[in-house]
2 protein chains.
Amino acid sequence: MRATLYGGPGDITVGERPDPRLENPTDAIVRVTLGCVCGSDLWYYRGVNPHALGPIGHEFIGVVEQVGADVTTLRPGDLVVAPFTFCDGTCANCAAGWTGNCLNGGSFGNHGIDGGQGEYVRAPYADATLVKVPAGSYSDTTLKSLLALSDVMCTGHHAAASAGVKARDTVAVVGDGAVGLCAVIAARRLGAERIIALSRNPVRQALARAFGATDIIAERGDDATKLIMDMTGGIGVDAALECVGTGQSMATAFGIARVGAIVGAVGVPHDAVVPIQTVIFRNVGLRGGVAPARRYIPELLDDVLTGRINPGLVFDYETELDSINDAYNAMLERRATKSLVRIGA
Amino acid sequence: MRATLYGGPGDITVGERPDPRLENPTDAIVRVTLGCVCGSDLWYYRGVNPHALGPIGHEFIGVVEQVGADVTTLRPGDLVVAPFTFCDGTCANCAAGWTGNCLNGGSFGNHGIDGGQGEYVRAPYADATLVKVPAGSYSDTTLKSLLALSDVMCTGHHAAASAGVKARDTVAVVGDGAVGLCAVIAARRLGAERIIALSRNPVRQALARAFGATDIIAERGDDATKLIMDMTGGIGVDAALECVGTGQSMATAFGIARVGAIVGAVGVPHDAVVPIQTVIFRNVGLRGGVAPARRYIPELLDDVLTGRINPGLVFDYETELDSINDAYNAMLERRATKSLVRIGA
């Protein structure tokens, strides 16, 4: 099969890989239809973070081709959403709902497990991992939103859920990447009344507004903190969603959180420092992390299928598999918020 | 009146202060009966933290002497518990339950407000601040437990409540000071099934057991982390209560917290660093801070009066007001867990 291969920083090519085969009776083989590039893919592509060499891509939807003897809920022909991590559904962490931290799990497109930037993937623990989409004929718009459930929409939801966003809250979203934009959707979906999005990119500002942001501010750092404190009568926001992971974004999130609020953080940390004085003297909490996507997908899937949310709008660039370098470069050069890759029919 | 006065590091004396008077119609004057020394008092006594010069002591119970014209719920002769911070009960933070962060509040025994280590205190916003104890005749044991509600029992409860301790949980308490011991009481009270207390002091170990600890471990640092991970089948504890505030104690709390758990932190931070990688890659949250004591006292008061909890047992040393230096020294030299000061009848 054809698959995207990581050869080291700056080295991403499309080449040949053996077709994956059922290795365990709980496996399924999925033919990937849509994949995409994640902001976190850029970190290793740029050489900032390490990553195993070989097949990559942790987000995809596709069609089940084959199932192992013990798979009971899936059949060939089923359309499925793959969460970015696979999980056995039974370990102590999965039992507690933390499917992204499965003791026997891992990430697609890493450590030799085929990924969503290739034609076929072996999905371990297929019943526990994959989420079946009800049979039907779906528009390209809906399919893109289903793809967004693989990671970014669940991760944005995790920021909002971790911060305890509830009806009538004022919420700020720090970060206007695909995850931050999905966090706007999530905050709106959970009933937030006022959503302040931090963005200085006109395309993303427009998308944030379309997703439910009521206020857009272009300020950063201390200026952003001061402005948001002014906007909230000196009190701060009910929930601050940290979707970047840098020192500045973390400082901003803690700086604007009202007493007793929670910072919902999902950015991969790069030099982020938690201001412990703010935690203790303002009772500002911190929750978040790797999203338990498998736990969240079913409820979000319903909202995608009814059209209540449309996270697929974050895809503003697309390529075929053979041109995947364009997909990476469009994001690296910030011409794209998130790049879709069309892989199979 | 006689009151304890802070004159700078190492300089604590008992001297004369003007009797406090009603300054606002919402004030009450309280005659202090029992006060005590807090672990946090030692920080400024030792010159590590700054503190305003003048009257000190933020924990006390006493009898109402006088009330202002607008005070409606208290009358002279009422026995009251004072939370360590006063609050107006109406600001945005109080309305949200964060009485320890009142926008118009402050701490007793600081910035010239008389404190619980003196004979009389003016309590601002008396209706909102003070908690009336039902009329009755109380044993010395009960009175000591009422005094513990002023700070340490509420702070221990805040650690447990912030960490979301629930029935059947396995909980670890890092820190065997009065707050840590009260956190054991709180964890037990919230239904924890297994409570692991970290202590190497035989007196405190015994008290921790009496309060409900099921396991005591003397190890610290990496040894403690390793042992507790072994004790929990490699999974970690459902809630880690951080009641110290140092780098080591914070590292231990995060090291033993299971995926998805919350570290409930109430230690005043001294070199504590939050391991952000653990937050993100293990979904371990952090909540806690200055306890909203006024919010917690009513429910804990019921449990004290019915004898269900007995946090006054943390007082293992006592003096009269004129000998308050002995009370400080007993704690400084670790001869006492917490020192009680008998001030009035």
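Every chain is numbered from 1, with letters handed out A, B, ... down the list of sequences.
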Considering all heavy atoms, the nearest [X]-[Y] contact:
{"X": "B:R287", "Y": "A:G285", "answer": "CG-CA, 4.1 Å"}
{"X": "B:P269", "Y": "A:F281", "answer": "CD-CE1, 4.1 Å"}
{"X": "B:R258", "Y": "A:A92", "answer": "NH2-O, 3.1 Å"}

Exercise. Around A:D271, counting heavy atoms of other residues, nucleotides and ligands shown, do more than 12 lie under 6.0 Å from its CG?
Worked result: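 No, CG of A:D271 has 12 or fewer neighbouring heavy atoms, counting only those of other groups under 6.0 Å.
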
Exercise. Does B:N49 CG have over 12 foreign heavy atoms under 6.0 Å away?
Worked result: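 It does: B:N49 CG has more than 12 such atoms within range.
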
Taking C-beta and beyond as the side chain, do [X] and [Y] meet within less than 4.5 Å on heavy atoms?
{"X": "A:L286", "Y": "B:V279", "result": "yes"}
{"X": "A:L103", "Y": "B:V259", "result": "no"}
{"X": "A:V273", "Y": "B:I276", "result": "no"}

Problem set entry | Side-chain (B:N283) to main-chain (A:V290) donor-acceptor, under 3.5 angstrom |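 Yes; at least one donor-acceptor contact below 3.5 Å.
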
